[in-house]
Amino acid sequence: MQGNITLGFYVPGQSFIHRLDPRTKILACLAMTMAVLFCNHPAGFAALSLVTLLALGLARVTPQLLLGILRPFGIFLVLALLLQLLFTPGRPLMMLGPLQLTREGVHFGFQLLWRLVLLIISGSLLTLTTSPLMITAALEDLLKPFRRVGVPVFELAMMMSIALRFVPTLLEEAQQIIRAQQSRGAAFTRGRLVQRVQGLVTLLVPLFASAFRRADELATAMEIRCYRPGANRTRMHQLRFHCRDYAVLAGTGVLFLIVLVMRWWG
Amino acid sequence: MCKISIQGLTHIYNYGQPGERVALQEINGEISPGELLAIIGPNGSGKSTLARHINALLLPTCGSVTVDGLNTADPASRWEIRRRVGMVLQNPDNQLVASVVEEEVAFGPENLGLPPEEVRQRVDRALSVAGLVEQRLRPPHLLSGGQKQRLAIAGALAMKPSCLVLDEPTAMLDPAGRREVMQTLLNLNRQDGLTIILVTHFMEEAVLADRIWVLSGGRLVMDGTPAQVFRCREALQKIGLALPGPAELAWRLRNCGWPIPDGIYRLEELVTCLVDLLTRNRSGGSS
Amino acid sequence: MILVEHLTHIYAPGTPLALTSLEDVSLHIEEGEFVVLAGATGSGKSTLVQHFNGLLLPTAGRVLVGGRDTRDKKVRRDLWRTVGLLFQNPEQQLFEESVFAEVAFACRNLGLDEKTVAVRACRALEMVGLEPDRYRALSPFALSRGQQQLVALAGLLAYQPPVLVLDEPTSGLDPAAREHIWQLLKKLQQAGHTVVVITHHMEDAARFAGRVVVLHRGKIYRQGTPRQVFSDPGGLRAVGLDVPMPCELMYCLQQKGLPVKSGIITLDEAELELKNLAMG
C-alpha cells in the first residue's frame, strides 16, 4: 500500500506534540473526542477547530499529510453528509426530485461533517505522533488500576500495539495477493456475482494463511527474546509528566468544561 | 563462555499422532565457545529444526541439548538459555515487534526486567555494533532488507548473549544486503568472540565458517572444517549440494592432472595457487 | 514482444509519499528471448515486470505487448493470458484445497474443458519435478515452502502463456532444485517461450540468459549479453550486485599479470581458458 496513509501510521519526529507524554496525548485526545461529541454551539466549534489547528501546527503536520489522512475517509464523509442533507425533515430549502433539501438538513449535515473531521484529525494526531509501543506503555499505565480486579492489562496492551504494527504489513500483503491472483486470471471487479465472490476467496484464504504464519513467527520471535506474559517488564522510556504535559492537560480540560457549560447553560 | 553439547538428539514432529514425521535423528556434536559453525543441507534436511533446539524453542523427543551445562528440557533454565542464546530468523518482516528501531532493540532487555538506564546502555551499544545508530528513530519498515536483519541482530545482541543462532538470515536479501549481514557476523565472531551458528544454503557463506555441519534427511552426515567438507564433492552432490565455485574449479583442474592441493575452497587461495602454477609453467615453457 | 518506451512510474503521485520507482526506462524484449533482470532491492525490477501484464500502468511513457498498448482496458483484461507473471514468494498466493486444483486454477480461468485442464496440470507438475500421483490430492498448505513454490510455478506453466515472467523463482531453494528450474526455463525458451527472470544469482544468469538488464535506482544501468555486462565487476558491485565467480577469478588473474582472455563468465569457459593458458 505504498502511498496510502493508514490508520495507526506513525511518523517519527521531534515536534512539541511528539515529545508530550503519551498519557497526556491519550487523555487529551479523549477529552477532545468528548468535547467534539458534546459540542453544539458555533463558538464551541470555533474553539475546538482552533485548538485542532494549533495542535496540527505544533505536530508539524503539512497540508499534504493532512489531506492524506483524510482521503481514505473521503467516501464515508461524503456519504454521511449526503444522508444528513437529504433525509433530515424540516423547513424545505429546495426540491431535488423526490428528495428535499432542508435548512435543518444543511445545518446538521455540515455539523456532522465537521465533527467527523475533527474526530479523525485528533485520533490521527495521536497515532501519527506516538509509536504504538508508547501508546501501549501509556495505556498500561492508565489502566493499571484495573489490574487489581484481574484484567490482564499488560497483555491486552501488547496485543493492541502488535495489531497496530501489522496493519500496514497486512494491507500491503493484501494488495500483493490481489495482483498475484489477477495475474492468473482471477476476477475481482468484473464478471458475475459468483465470480466476484470466488475472487474474494482467492484473496481471503491466502491472507488468513499468511496472517497465521506471521503471527506464529512473531510469537516465536517474541519468545526468543524472553517475552513472558505476566512477567515484569521494564521500559527504556520511563513515562514522566513535564510542565508541558500539565499545561496541555489543563488546557484541554478547560476547553472540555467550556464546551459542557455552553451545551447545558449556554 | 558458551559450550553447547548435543547428545543423541532425535526430534519427531507430532510424535505418537497421525502425521508423525522424523525431522532429526541421533544428532551428536559439540560447539565450542567462540566458534563460527555453519549448518548446511538441502531443503527439508532439518537445519531449522536443529537450530531451534539450541535455544529451547523445540525440545528433543529423545536425547538432550545442553547450553553451558543447562539442559533445554528443564523448564527452570529455559529463560536463562534463551538469554544466552540469541536467535535471528529468516524473514526480517515477521520478527520485528516495534515501530521504532530503538524500541525494537529495547524489547528484549525490557523483557528481562532490567532498569531503564541499563536498557538504554545496551540499546546504544547494540545499535552501534550493528551500525544502525543513525537509523535509531526511524520506523523499521523503511529500512532496507540488510538493515532490517542487522536490526534483528542488534535486538538479539541487546540481551548480551554468548551465542547467536541465525536461521537463513540472508535468504531474502539481495547480494549487498547479504554482504552487510555477513560482515556484521564476522566482526562479532572475530572481535567479540561471540559463538555463531549460521544456518545457510549459500556455500559462499559456509566457506567463511570455522566448521561445517552437513545435514541430510535429518542426520548429521558430515562434520569438519570447510577444507575437509568441500573435499567430498561426490557425497555433497548426492544429497543435492554443490561445491562453492572455487572448489569446483579446483576439483575439475585437479581431475585433469593439475597439481592443485586438496582443500582449496576460497577464491584467494585458488588465485594464488593458479598464479603460482601458471607463471612457473610459462617461465618453464619459455626457457 | 514487449516494448517499453520511456516508461516512468511514480507510486502515489502528488502526495508527500510520492516515490519514483522507474524513470525513463526503454527496453525491447524480443519473442523467444531469455532475459535476466538484475538489480538491488528497490531498483524497480518488480515494478517493471508488473507493467508487462498490465497490473501497473505507466505514469508516463507506454508499454506495448505484442504491439498492443497496456493502457487499453480491453487489452489489459486479457493480458494475463499472454504474459504469465509469477510473483516473488508465490507460496503466498495458494488458496485451493488440493495441489491439483491450485495448478489448474489459471487453466480453468482460461475456460478450457476439464479434460485438457487435467492433462495440462499433470504435465506441469511433472515438469517442476512433483510427481502428479503423489502430490495432486494433497493440500498445498501441507507442503514445505520449497514445494509450495514449485506448485505455484506449475500453475503458471500449466496455462502455457507465451511469455513467462518470474520474480526470483529460485530464492530459498537448494542448489539441486535451483538447477532444475533453470534447466526447465531454458527448455521452455527453446520451445518458443519468451522468458524473463528476476534473480540475484549471477552465476545462473551468466549460464542461461541471452541478455542481462541491470536496473539501478529506477534506471537501466547496464544492458547486453552476460559477457558484456559482467565485463565490469566493479561497476556491478557498486550497485549492490555480485559478479559470477569465474569472472571474478579471471579478473584477479589479470590483475596478477596473467594474459587471460576477458569475457569469461562460466565455469566451463574458465576451465578451458586456464588449460589454454597452461598449454602456452
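Lettering follows sequence order; numbering is per chain, from 1.
- Both the backbone and the side chain of B:E102 come within less than 4.5 Å of a heavy atom of chain A.
- Neither the backbone nor the side chain of B:P140 comes within contact range of chain A; no heavy atoms are under 4.5 Å apart.
- Comparing B:Q90, B:R52, B:M87 by how many heavy-atom pairs each has under 4.5 Å with chain A, the most go to B:M87.
- Applying the salt bridge (charged side-chain N to carboxylate O under 4.0 Å, His left out) test to residues at least two apart or on different chains, the pairs with a partner in residues 71-82 of chain B are A:E223-B:R82, B:E80-B:R83, B:E80-B:R84.
- Options B:V85, B:L114, B:L112 differ in how many heavy-atom pairs under 4.5 Å they form with chain A, and the most are formed by B:L114.
- A donor-acceptor contact shorter than 3.5 Å is absent between the side chain of A:T234 and the backbone of B:P116.
- Of the residues listed (A:E173, A:R214, A:E172), the one engaging B:D93 in a side chain to side chain contact (heavy atoms under 4.5 Å, CB included) is A:R214, and it is the only one.
- Atom CZ of A:F241 has more than 12 neighbouring heavy atoms from other residues, nucleotides or ligands inside a 6.0 Å radius.
- Looking only at heavy-atom pairs under 4.5 Å with chain B, the residue among A:Q14, A:H237, A:M158, A:R213 that has the most is A:H237.
- Counting heavy-atom pairs closer than 4.5 Å to chain A, the top residue among B:N94, B:V97, B:V119, B:V100 is B:N94.
- When all heavy atoms of B:N111 and A:C226 are compared, the closest pair comes out as CB-O, 3.3 Å.
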Handout entry: A:I224 vs B:L89, side-chain contact (heavy atoms from CB on, under 4.5 Å): CA-CA, chis, key distance, verdict
Key = CA-CA 10 Å; A:I224 286 168; B:L89 304 174; 4.1 Å; yes
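- Between B:R120 atom CZ and A:Q238 atom CD the span is 12.0 Å, to the nearest 0.5 Å.
- Within 6.0 Å of atom CD in B:Q17, more than 12 heavy atoms from other residues, nucleotides or ligands are found, so the atom counts as buried in its surroundings.
- For a residue to count as touching a neighbouring chain, one of its non-hydrogen atoms must lie under 4.5 Å from one of that chain's; by this rule B:L142 does not touch chain A.
- The shortest heavy-atom contact between B:W79 and A:Y227 is CH2-O, 3.8 Å.
- There is no contact between B:V88 and chain A, counting heavy-atom distances below 4.5 Å.
- For the options B:V123, B:N55, B:L57, heavy-atom pairs under 4.5 Å to chain A are most numerous at B:L57.
- Within 6.0 Å of atom OH in B:Y13, more than 12 heavy atoms from other residues, nucleotides or ligands are found, so the atom counts as buried in its surroundings.
- Heavy-atom contacts from other residues, nucleotides or ligands closer than 6.0 Å to CZ of B:R125 number 12 or fewer.
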**Study point:** side-chain contact (heavy atoms from CB on, under 4.5 Å) between A:E217 and B:Q95, worked out
**Key:** CA-CA 7 Å; A:E217 210 163 299; B:Q95 57 181 318; 5.7 Å; no
Working for side-chain contact (heavy atoms from CB on, under 4.5 Å), residues B:V105 and A:M236: CA-CA 10 Å; B:V105 182; A:M236 176 168 67; over 6 Å; no
